[in-house]
Amino acid sequence: MRACLGLGFAAAGIARAEPSAWGDAVRAWLAAGKHGTMEWMGEYLEQRLDVRRLLPGARAVVIVADAYGAPGDAAEPEHGGARGPLGVIARYARGEDYHAVMRRRLGRLADALRAMPAARCAEFRLFADTGPVLEREQAARAGLGWIGKHTLLIHPQRGSWFVLGGIATTLELAPEPDAAPIADHCGTCTRCIDACPTGAITPYSVDARRCVSYLTIEQHGSIDESLHEGIGDRLIGCDVCQDVCPFNRGTGVPPVSPSPHSSRAALPLLEVLGWTDADRTRVLAGSAAKRATLAMIKRNALIAAGNALANGGGGDRAAALRQRIAQLAADDSEDAVVRDTARQVLARLGA
Ligand code: B12
Ligand code: SF4
Ligand code: SF4
């Protein structure tokens, strides 16, 4: 594991390749439709529930965590001021796309493992977010932390501001002797559940259809009006359940790439509402935020603008914002989801 830390990972561990202990919970989550439109969550389900189906003969799973910055770092958004009402981007999506960073370093780790004498005929399968692997469960088994009530993996000292990835291998790798699973420290705390702006969390389960992260990045169509207020000023993703978690207080974990894109922490809504696809590509180049299409980002910006105006915000940009929303509602060249959302927002504002 020293090799993993040498590559810059914040934490690492080894889990035995075994079937999920939560297969019934995952199936029930899918059966209840809590994955929303993420149909891909139901695909390769057998592989997701047992890594040995993903890589036949797998014996071990190396799991790594990449820290991506915590509150108080250089990428904190500055609200108000001359830039007008802002739309906030979740922390994981501010710097370089973690998928790329993670895959690059996992590749180096795989090379190091391949160089081991015992690895001559071994096979390796890298995954970082998109593979059919229950990454948090693997990480919990590897002793990196426990799964909190908000369903994210929490490291007892480092909190949850990190992303996960790993390598399944047919190589026999023994878990570290002191890597026993870490007990659930949530206790009677319910801060994440109470603070979630859309009531998406029941202990140890998130209904994606209500989660702001899903609504802003994964859902392509219009967003039900009952959820608009809860979206608040969020443009891409949501950090609320992690912001309030006591285990994220003062973790001081240095981010992997020290906030090179702090300008991306929040974007002026009026500007975003005027974007072309070229603007989106330029501003979000190389970031995980580019997963959201132009229409989705404009939809999110309209909702955030509606929230600012409904609360009497917007300052000297309020009139221009209203005007832009009305323009978008009437613009037939705009995507249907943008037009529909602009109309929803105007109706809410009584315009
Ligand atoms: C689909 C998905 C989403 C969906 C659904 C979220 C979810 N909770 O499942 C949406 C789009 C909403 C989402 C949002 C976010 N995501 Co996401 N997401 C994923 C993805 C691709 C799959 C997750 C999954 O398998 N869900 C299936 C359901 C059934 O899982 P579950 O309900 O949590 O059940 C599991 C456990 O909780 C356990 N379980 C079930 N019941 C019980 C009961 C008890 C008592 C216990 C202990 C456990 C337990 O069993 C299940 C199997 O492990 C993973 C990457 C991966 N391949 O793992 C990233 C991942 C979980 N996401 C991640 C991140 C960073 C986020 C966001 C913070 C991004 C943001 N800032 O906007 C938010 C956080 C929202 C939240 N509170 O979950 C990170 C989490 C890192 C960490 N520290 O844990 C991951 C691991 C991506 C990565 N590679 O780093 N995400
Ligand atoms: S990411 Fe936001 S909306 Fe989703 S569960 Fe956490 S607090 Fe709720
Ligand atoms: S906020 Fe409280 S309940 Fe939620 S994950 Fe953190 S410790 Fe657990």
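Please read these numbers as outputs of a predicted model, since none were measured by experiment. Just follow the structure's listing: the first ligand is 1, and inside any ligand the first atom is 1. FYI, the numbering just counts along the sequence from 1.
With a 4.0 Å heavy-atom cut-off, ligand 1 is reached by the backbone of Val133 but not by any atom from C-beta on. Counting heavy atoms closer than 4.0 Å to ligand 1, residue Phe162 contributes atoms from both its backbone and its side chain. Residue contacts with ligand 2, taken as heavy atom pairs separated by less than 4.0 Å, involve Thr198 solely via side-chain atoms from C-beta onward. At a heavy-atom cutoff of 4.0 Å, ligand 2 is contacted by the side chain of Ile201 but not by its backbone. Here His35 has no heavy atoms under 4.0 Å from ligand 1, in either its backbone or its side chain.
Here the shortest heavy-atom distance to atom 65 (C) of ligand 1, taken over Trp29, Trp40, Tyr68, belongs to Tyr68. Nearest-residue assignment for atom 82 (C) of ligand 1 (options Leu153, Val206, Leu215; heavy-atom criterion): Leu153. Remark: among candidates Cys211, Pro197, Cys241, the nearest residue to atom 4 (Fe) of ligand 2 is Cys211, based on non-hydrogen atoms. Between Arg158, Met102, Glu218, Glu135, it is Glu135 that holds the heavy atom closest to atom 89 (N) of ligand 1. The heavy atom nearest to atom 63 (C) of ligand 1, out of those in Asp24, Leu152, Thr151, Asp66, is found in Leu152.
Ligand-side atoms of ligand 1 in range of Ser213: 14 (C), 15 (C), 69 (C), 70 (C), 72 (O), 73 (C), range being under 4.0 angstrom from any heavy atom. Of all atoms in ligand 1, listed by their number and element, those nearer than 4.0 Å to a heavy atom of His150 are 76 (C), 77 (N), 78 (O). Near Glu137, the atoms of ligand 1 lying under 4.0 angstrom from a non-hydrogen atom of the residue are 52 (C), 53 (O). In the vicinity of Ile154, heavy-atom distances shorter than 4.0 Å reach the ligand 3 atoms 5 (S). Near Ala25, meaning under 4.0 Å from one of its heavy atoms, ligand 1 places the atoms 40 (C), 41 (N).
Taking any N or O of Arg48, backbone or side chain, none lies under 3.5 Å from an N or O belonging to ligand 1. In terms of polar-atom proximity, defined here as any N/O pair under 3.5 Å, Gln242 makes no such contact with ligand 1.
A salt bridge is defined here as a Lys NZ or Arg NE, NH1 or NH2 lying under 4.0 Å from an Asp or Glu carboxylate O, and Arg59 with Glu172 meets this definition.
Closest to atom 8 (Fe) of ligand 2, if we only count protein heavy atoms, is Cys196 SG, 2.3 Å. Atom 90 (O) of ligand 1 has Leu164 N, 2.7 Å as its closest protein atom, hydrogens excluded (heavy atom only).
With a cut-off of 2.8 Å, the protein N/O/S atoms near atom 2 (Fe) of ligand 3 add up to 1.
The environment of Tyr204 atom OH is dense: over 12 non-hydrogen atoms of other residues, nucleotides or ligands sit within 6.0 angstrom.
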